[in-house]
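Beneath this line is the structure, given in structure tokens, with notes to follow.
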Amino acid sequence: MAKTPAPARKTPTRAASRPAASRPTATRPVAPPPAAAPAPAAAKAAGVEELKVSAHMMTLDAGLFCIVNEANPAAAQRGGLPGVRVSPPPLAPDSVEILAFRPDGWLSGLGDAALVRVARGPARVMVTVYQLPGQADSAPRLQVLRLAAATGAPAAPPVPPPAAVPVAAAPAAPVRMDLLAHIQTRGDVGARFGDWLGEAGSGHWIEGIAIAAPEGIDPADLTYQAVLGRGWLSPWVEAGHYCGSRGMALPLLGFRVRLQGEAAKRFDLRCEATFIDGSKTRPVGNDETCESESLAALESMRVTLLPRAAAKPAPRGRR
């Protein structure tokens with residue numbers, strides 16, 4: 001009986017025997033590598049300068065504090081750096097109030113300060129420092145001064161009921177006030193040049209002041225500062241702007257007024273003050289500090305502007 005031949009085995013083709021990893025695949029577009037960060041030289045050429053920024057969390061007890069960024073001689077050439085910002089943390093309690101003397105909130109390296117009032121402590125505030133890298137003298141010199149242990153302002157005295165007002169003629173036009181002061185327990189009070197502002201012997205201190213420029217005088221020619229401590233004054237403020245605080249229970253310890261430009265040509269200046277310890281200053285002139293030796297709180301003040309007398313004609317010689 002004839003044998004049936006076995007079916008021939010198929011020889012695997014070369015493509016089938018090639019490993020799967022070596023089989024050709026469809027070509028896919030390759031994404032370009034991410035652009036490298038600009039080199040420091042390129043960033044500098046583009047006008048970008050990196051700053052050294054550090055943040056600190058400060059814990060304060062209940063009370064009134066002042067954070068001072070002391071003046072740095074090189075700050076004027078560095079755009080005001082080192083600069084400091086004092087701010088509440090993201091979830092700060094309502095018991096923390098922060099007031100900077102500059103309207104933009106900066107404590108520049110030219111010498112600025114901020115008040116921090118903590119009604120219920122302990123509480124935390126953030127202090128962020130901005131400085132130029134690689135310079136040994138670019139770090140700020142910060143001071144934290146405790147001004148008062150209790151931050152609550154004394155209660156205002158009871159207000160008596162108003163007396164009966166008789167019928168009168170039409171009210172006169174309001175009198176222009178040259179000076180304004182925020183006085184403890186009294187609020188804002190105004191006065192004219194040459195009159196006393198505040199009450200000597202009352203024991204109520206002045207928390208802030210504003211002085212108006214005389215008619216025809218540029219406000220930039222009449223500036224003033226508040227005395228906040230021994231050898232420490234607030235930044236200069238132009239005429240018409242408020243200098244000091246309201247509702248912070250922080251007294252001024254004196255003031256300083258400066259005339260320049262057209263104002264200095266037209267007026268002579270004289271400043272006087274009394275303080276809650278009973279002391280009184282002698283009259284001081286232009287760009288002189290009006291404060292007591294004990295640095296007691298300012299109680300009343302007087303600013304007098306005297307128009308300069310016309311120049312006297314030269315005497316005639318004998319005939």
Side-chain angles (χ1 to χ4, degrees), residues 63-68 97-103 107 111-117 143 145-154 156 177-191 193 195-212 222-258 269-304:
L64 184 64
F65 302 85
C66 189
I67 300 178
V68 184
E97 299 178 65
I98 300 175
L99 173 66
F101 285 92
R102 288 170 53 106
L107 278 63
D112 289 319
L115 302 176
V116 180
R117 179 180 182 181
Q143 286 190 18
L145 308 176
R146 184 164 190 161
L147 304 176
T151 60
M177 295 291 106
D178 300 309
L179 292 89
L180 179 141
H182 186 78
I183 301 177
Q184 179 191 28
T185 74
R186 293 185 59 187
D188 292 342
V189 179
F193 286 126
D195 295 337
W196 282 96
L197 180 58
E199 184 180 351
S202 65
H204 297 156
W205 61 60
I206 295 176
E207 299 182 0
I209 60 173
I211 304 176
L222 193 160
T223 55
Y224 40 94
Q225 294 176 300
V227 178
L228 305 175
R230 181 75 63 184
W232 172 38
L233 292 91
S234 71
W236 286 104
V237 175
E238 288 189 2
H241 292 271
Y242 187 76
C243 179
S245 63
R246 283 187 173 95
M248 299 286 289
L250 176 64
L252 301 187
L253 308 181
F255 64 99
R256 179 180 180 182
V257 184
R258 179 176 64 184
L269 174 70
R270 187 173 64 192
C271 299
E272 304 169 78
T274 67
F275 303 88
I276 61 173
D277 65 350
S279 60
K280 181 178 180 179
T281 64
R282 61 174 179 82
V284 299
N286 184 33
D287 205 9
E288 293 187 70
T289 303
C290 193
E291 63 182 17
S292 69
E293 294 183 359
S294 61
L295 281 184
L298 178 65
E299 185 180 52
S300 67
M301 56 184 289
R302 179 164 65 175
V303 177
T304 305

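Just so it is clear, the values below take in all heavy atoms, side chains as well, and ignore hydrogens, waters and symmetry mates.
To the nearest 0.5 Å, atom CG of residue Leu180 and atom CG of residue Asp188 are 4.5 Å apart. In this structure, the separation between CG on Leu298 and OG1 on Thr274 is 7.0 Å, given to the nearest 0.5 Å. To the nearest 0.5 Å, atoms OG1 (Thr304) and CH2 (Trp196) are separated by 8.5 Å. The CG atom of Leu269 sits 9.0 Å away from the CD atom of Glu288 when rounded to the nearest 0.5 Å. Taking CG of Leu115 as the start and CD1 of Ile98 as the end, the distance is 10.5 Å to the nearest 0.5 Å.
Among all heavy-atom pairs drawn from Ala212 and Met177, the shortest one is CB-O, 4.4 Å. Gly198 and Ser300 make their closest contact through C-CB, 3.7 Å (heavy atoms, listed as atom of the first residue, atom of the second, distance). In terms of heavy-atom proximity, Tyr224 sits nearest to Gly240 at OH-N, 3.5 Å.
Using modelled atom types, no side-chain atom of Thr281 and backbone atom of Cys290 make a donor-acceptor pair closer than 3.5 Å.
A 4.5 Å side-chain heavy-atom check between Phe193 and Leu179 finds at least one atom pair inside the cut-off. The closest side-chain heavy-atom distance from Val116 to Glu97 is not below 4.5 Å. Within the 4.5 Å cutoff, no side-chain heavy atoms of Leu107 are placed close to those of Phe101.
Evaluation of the salt bridge (charged side-chain N to carboxylate O under 4.0 Å, His left out) test over residues 292-303, restricted to residues two or more places apart or in two chains, returns Glu272-Arg302.
Partners of Ala181 according to the side chain to side chain contact (heavy atoms under 4.5 Å, CB included) rule, which considers only residues two or more places apart in sequence or in another chain, are Ile183, Leu197, Ile206, Ile209. For Ser292, the side chain to side chain contact (heavy atoms under 4.5 Å, CB included) partners are Phe275, Ser279, Ser294, Ala296, not counting sequence neighbours. Ala239 is linked by a side chain to side chain contact (heavy atoms under 4.5 Å, CB included) to Ala213, Pro219, Leu222, counting only residues two or more places apart in sequence or in another chain. For the salt bridge (Lys or Arg N to Asp or Glu O under 4.0 Å) test, residues two or more places apart in sequence or in another chain that qualify with Arg102 are Asp104, Asp112. For the side chain to side chain contact (heavy atoms under 4.5 Å, CB included) test, residues two or more places apart in sequence or in another chain that qualify with Arg256 are Gln225, Leu233, Trp236, Asp287, Thr289.
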